[in-house]
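Notes to accompany the following structure.
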Amino acid sequence: MKRVNRILGLVFGGLVLMAVAPVMAESNLCFNSSFSSTNDPFEGWGLDYDWSGNSKQMGNHKNASFLPEFKGRSNVLKMAIPAGYESKVETPIMEYEPGARYKCTFDLYADIGGMRVLFLGYALAPGVPPDDLPKFSDLRRIYKGDAQDASGASWKSMTVIFPKEEISELAYKHLKKVRYMTVMMFVPGATFGAGTFCISNVKVVKLPGKCKVLKSALK
Amino acid sequence: MAPVMLIGQLVKVGRMLNRWSAEVRFTVGMSVILFILESMAATDIMLRFQRGGRVVAWGLLVILVGVLVERLFRVLSRRPSPELVAVSVERTFPQLDNHLINFLLFSASGRKDPFTAAYLKMDIPHWSGLDFRAMKDLRTLRRAQIALGVALVMTLVPYPLVGQAWPVAMGRIINPFSNVAPVSLTHILSTAPGNSSALQGGNVAVSCQAKGKAGHEVWLDVRSADGTAKTYNLGALKGRGVEGFSNTFFKVTTAMQYRFRAGDSFSPDWYAISLRPPLAFTSISVKVVPPSYMAIPPRQYDAQAAAIDVPAGSVVSFEVHCNTPVPGIALAGFGSSVALSRKGDDKVWEGSVIVTNGSGFVLSATAANGDPAETTLGYNLMLDRPPTLTIKYPKQSVVLLPGGAPSIDFAVSDDFGLDEITVEQVLDSEDKTAPATVLKTYKWVTSKTREYTALWKGEIRKTTDSGNLTLRVVAKDNRPGVKNVTLSSSLVFTLDEAAVAAKKQEEAAKKTLEDLNRVIELQRENITRTRQLQGILNTSAPDQWMEAGARQEAIRGIVRQVMEKGGGRSLGNLLGTVRKLYATEMAEVIPALQGVPGVKEAAQKVKQVGRALSMEEKILRQLTFAEEAAKRALDDSKNNSLIGILDGIIGQQDKIIKATGLCMTQGMAVAASVTADQDSLGSEVSAFIKACLAAAAAGQGEDKDNAAFLVSIAQGCEKDKIGGDMLLAAEQLEKNAPAVAMPHEQNAYSKLLAVRKKFDEATALADKEKEMEMVEALKEASAKLAKLKAMEEKLKDAMDKVEENKDKNSKKTDKLEEEAEEIKKNIKEALQEIPKDLDIFAHLNVGNDLVEDVFSTFEEVTQEEGSENASAGGPVAEKAVVKREMLAEGMEKVKGLLDDFEMWLGKKPDATKITAEAADKQEMPEGVALTPLQTEMNDIIGDLLKQDKEEAKKADDGAINAAVPDLEMGGEVKEGDTTSFSAKGKSGNTEPDHKEQDGRSNIGRQGMANGESAAASGTIGKGDDNIEARRTQDPTQSGQVTADGEADTKATGGGKLGSGKGDGWGDGGGTTRMDSTEKGSGEQSLAMMAKRADSTYAQASMKGMRSDSLKNAAHHLRQAEDAVSKGAPIGEIAEWKRKAMAELKKAKTELGEGSAASLDGRNSTSLVNDIVEASPDEAPAKYRGLVSEYYKKLNESL
């Protein structure tokens, strides 16, 4: 009986390993996704929007803080949201492979409603030469993925995918110009009051296959 | 013995005893004093008393002496009683056995008893033999004398031991007020500077002279005011007589005390050095009083803080305050020098000067202690400059035909006011001092006019006038005494005959054409050679490229000559284009060609040659257009001279009719001049007929139709006997019969008008033909684009087929590929043809100026399930909104461009019908303030959400008539119940509501009919196909959109003007904007003016006239309109209006030249200079007010 159990255990373990292996093989495309950089826990992350000159985003980085532990999660980015302010966070800039699809998963804790999470597609701003490490100010937003709404004062697992499996010709016209991408989490300040949100365990992986372009009814 | 005698003897004894006692006391006192003196002197030798110590010691001695004297006096003045003396005597001489006492007592008691009497009668035993000297205390006296002797000896004993120091010490104690120093081996002889003051921050040198024993050191003790003390060792004496020691303290900032010490020399007193601040001017107050004629109010300055403006000739008053008294202050630097005078104490000085030159005042003073102070106060000398005279017309020599009047358009300005302007006729055009005849004087008596502009018109030229009419304008300012005078250059009006003038013009035009032909040929040749060189790029020699560059230089030189001749008028409307070409490509291609050999990398070399060739081709293309424009200009102006003569005759005839009418009604005699004029006018009609025939003969070979037309005109004039009517009228006028003359005059006048009408009809016909040509060409282009679209579809199919058959049948694939290639080739050719077709209108250079960077972001949206129809999404909700009065209020206010939050597209279509209560018209503001447009605009676009058509229609919101300049955008993109003019709206993912006809949009979806499209390029998304177009005929409105073919641009009346890259043509947006059409508003009038200027410009363009100024005027009017909308400062608005007005005036002159009597006769170089100088020059902010005031006056004068 013991032998049978051992064999069954091995078989079960093998099956589990086979199931998990592809996932384990997926590499996380997001740099410093666990805020573990020794230089700066937020290295690469899009927090400082002072360069935009938009008064609604000035000082955004001052609302960010790093928490080693928070309600059962380690290495957490906490964003304070002053009332009437638009707190936002973008993952480090990642290169986008034309036509490819990506998935981002992360844990979110938000004590305020109306959060939006989405992929953003960027092209280089006019006059900016291609660079291995473009800055946020070098990019021009030309594509926005399907946004997910989030709220609830407890840790939740979030998933956003970019782009959709099937996109229109109009969408494709923009998508084919996308060179870089990020995942943005923000709380629209125009609508909501003060609060905080936290994120942890960010992971961006590439999905198999490419998106399909639907024939558009447009002329 | 009688008692009296006894008492007398006792008194004597008592006195003797007193003397002896005084002697003892004196001796003892002196001894004590001497001992103390000696001990003090000894102490001084050892301790070297300061003066204080010496005074104390001296004081002690003085007290002792005082005590001694007092004691002696007391002893000597004592009167001892006889009894007391008797007691002393009894004590000294016991043998008296109290007899003496008894005797005295009995005698004093007065008793008369016998015993007493008997006792008194007895002699005192032993009395007579007494030696009273025995009563002297010799022992004490002797001791005292011994002490005194010792004390005296002691005054001498130390001398052999300490030498001179002993008597010096004794002297120092006896006289503490003497400056005798203690005797030492080393002496400090002198110290400098003693008690003194030093300049704060300066250096202080202290020194001493010392003499003494070799090896003795010299020290300097210093105590500064901040409490620190220090001793410096200055070295040792060498024993060679008087030696000097010194030390310097640098940059002394605190007061201090010092003293020198040397060896065993007595330490001298401390010397103090106090600090004094440097001499400075604590305040300088300057008052500038300009000369009265300048009308500038006096102004007070703090000269140390502010820049001083000094109009030349001003009285400048000074009041200078110093921190320390000074004996005097000198003022210089303005071409002269004066001394200021004292005001109150020596610290305050004043004075005034008249300033006519220089650039800075120099104030200098020296304090009593020698401290100097000097300061320079710069000032801006505002000179009274000569008046600035600008001649706007004529810019060069012009031909004045009979009937025409010379005119001068000039502007004069002076910094402080004008006195007189004269228009003068001179005989010698070169000599400015030649005597002149004043034709017109503009004189100011009391006015402070600083700017003046006028259009002067002279007498009409008569047919008999010939030669040159040389005029000049002289302007004088209001400076008292010798006035500043500005003379214009000679303005020459050539009084050629019409035929000669016409011929000259024709020759000039032909020469231009020849030059252009030549230059075009040269350009073609150079392109060919450049291509050849391109073929042998690797083997080509540097000289060959240099040669190509030199040819381009020659081409540029010829073009420059063409532009300069006659002010470039012969180039027609393409003058602006050619000027731009001259300044850019024609200049750039030369170094591009000559620099080819210098490029090392092959790829770069190829690129540079390509760039040079491209520029050469552009030059050729533009020059070809220029040639075409020159031909048109020649063609269009061919009859201008004749029209000018005719207009002059008509004008004169009109005057004669009026004069005749006046004579008729007033019963006056006809003036001889009227008769002469009428007679002369008949001759001018004959001259006009001759000119028509001459022009017809000249143009016979090239334009037979026009020649025939002119012949018909000449024949018509002869047939109608216009000249005859005039002669008949002249005869009747001569007979003083104005009533009889009048019908003849009016006949001639009406016939002349008929002739003028014929010229207008001929011109109109030609214009109409051109318009027709243009419309035809546009239609053709449109048709070609449609064909291209079809071909594109075909190509797409062919490519798909190629793709499908790729792996199946190679032959079929090849054939399909060939087919596709053929279609591609056809498309390419057809596309090349379109711009070629449209380029024939290149000389109609109307266009849009607005440029905006617009980019769109696509957003994915998953539509909410069932939201597309009513059954699932629920019925359309209706929402009523009461009128928002604050919106109407806000329409006039601009807070600047507001920043926005993140925006996104909604997941379900609009299912709310909003009906907003309209604001009352009375509540509406006069105008709407517009925010400046963003330089960069991010549009958000997405796939259209599906929606039931009926539902969409139901959800259309009501129209809104109130809006705000800007909104703080954020959140979901959707139709709201407010609108703004900030052009921030996003295209979104829903079809536009039917009511969207307000504000300013960017691009939006097809069908949006917003007030004005702000974008210069962008993508038009699919929208409402059925919305009405708001068509206008004016294509000059801003907001040209480069559509990328996703949707038709039809029905986009709100300013969207589709470009050639789109798949259709949009409509012009109209000149008047939705946001600026309130009746009576300033903006409305500006918009109307702009529209009129546009319209006139278009007409002038079609007529081949040079009228760029009109285009500029319209542009400036729109800028003024925008400035009003933005609530810009009045100065800015005035600036734009001023520019517009200047351009309109210029245009007026230009257009006047086109049809009136002025023809180009000589060369001018002004236009090439304009290429550099033509950039807009806004007045500096500080002069804006002045400039606007000037143009306000100018405005009034028009």
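Computation of the quantities below employed the complete heavy-atom set of this structure, encompassing side-chain atoms and omitting hydrogens, waters and symmetry-equivalent molecules. Residue numbering restarts at 1 for every chain, and letters A, B, ... go by the order of the sequence lines.
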Please check if the number of heavy atoms outside A/Y180 that lie under 6.0 Å from its OH is greater than 12. yes

Original post:
Going by heavy atoms in the side chains, are B/F858 and A/L170 under 4.5 Å from each other?
Top reply: yes

I'd like to know if the side chain of A/E86 reaches the main chain of B/E902, judged simply by a donor and an acceptor atom lying under 3.5 Å from each other, with no hydrogens or angles considered.
yes

Q. With a cut-off of 6.0 Å (strictly less than), are more than 12 heavy atoms of other residues, nucleotides or ligands near CD of A/E69?
A. yes

Ordered numerically, the heavy-atom neighbours of chain B under 4.5 Å found in residues 50-67 of chain A are A/G53, A/N54, A/S55, A/K56, A/Q57

Under 4.5 Å to a heavy atom of chain B? For A/I167 that would be side chain

To the nearest 0.5 Å, atom CD1 of A/I142 lies from atom CD1 of B/I941 at 13.0 Å

* When you look at NZ of A/K210, are more than 12 heavy atoms from neighbouring residues, nucleotides or ligands closer to it than 6.0 Å? -> yes

When rounded to the nearest 0.5 Å, the distance separating CD1 of B/I940 from NZ of A/K144 is 4.0 Å

Nearest heavy-atom approach of B/D943 to A/A171 is OD1-N, 4.5 Å

Looking only at A/A123, A/A147, A/G145, the option with the highest number of non-hydrogen pairs under 4.5 Å against chain B is A/G145

Honestly, the part of A/F119 sitting under 4.5 Å from a heavy atom of chain B is neither

Discussion item. A quick test of your reading: do over 12 heavy atoms of other residues, nucleotides or ligands sit less than 6.0 Å from CD of A/E95?
Written reply: no

Under 4.5 Å to a heavy atom of chain B? For A/K177 that would be neither

Between the CD1 atom in A/I161 and the CD atom in B/E860, the distance rounded to the nearest 0.5 Å is 10.5 Å

Heavy-atom nearest pair, A/K164 first then B/V861, reads NZ-O, 2.8 Å

Is it the case that over 12 heavy atoms from other parts of the model lie below 6.0 angstrom from the CD atom of A/E165? no

For B/K907 and A/D146 the tightest heavy-atom approach is NZ-OD1, 3.5 Å

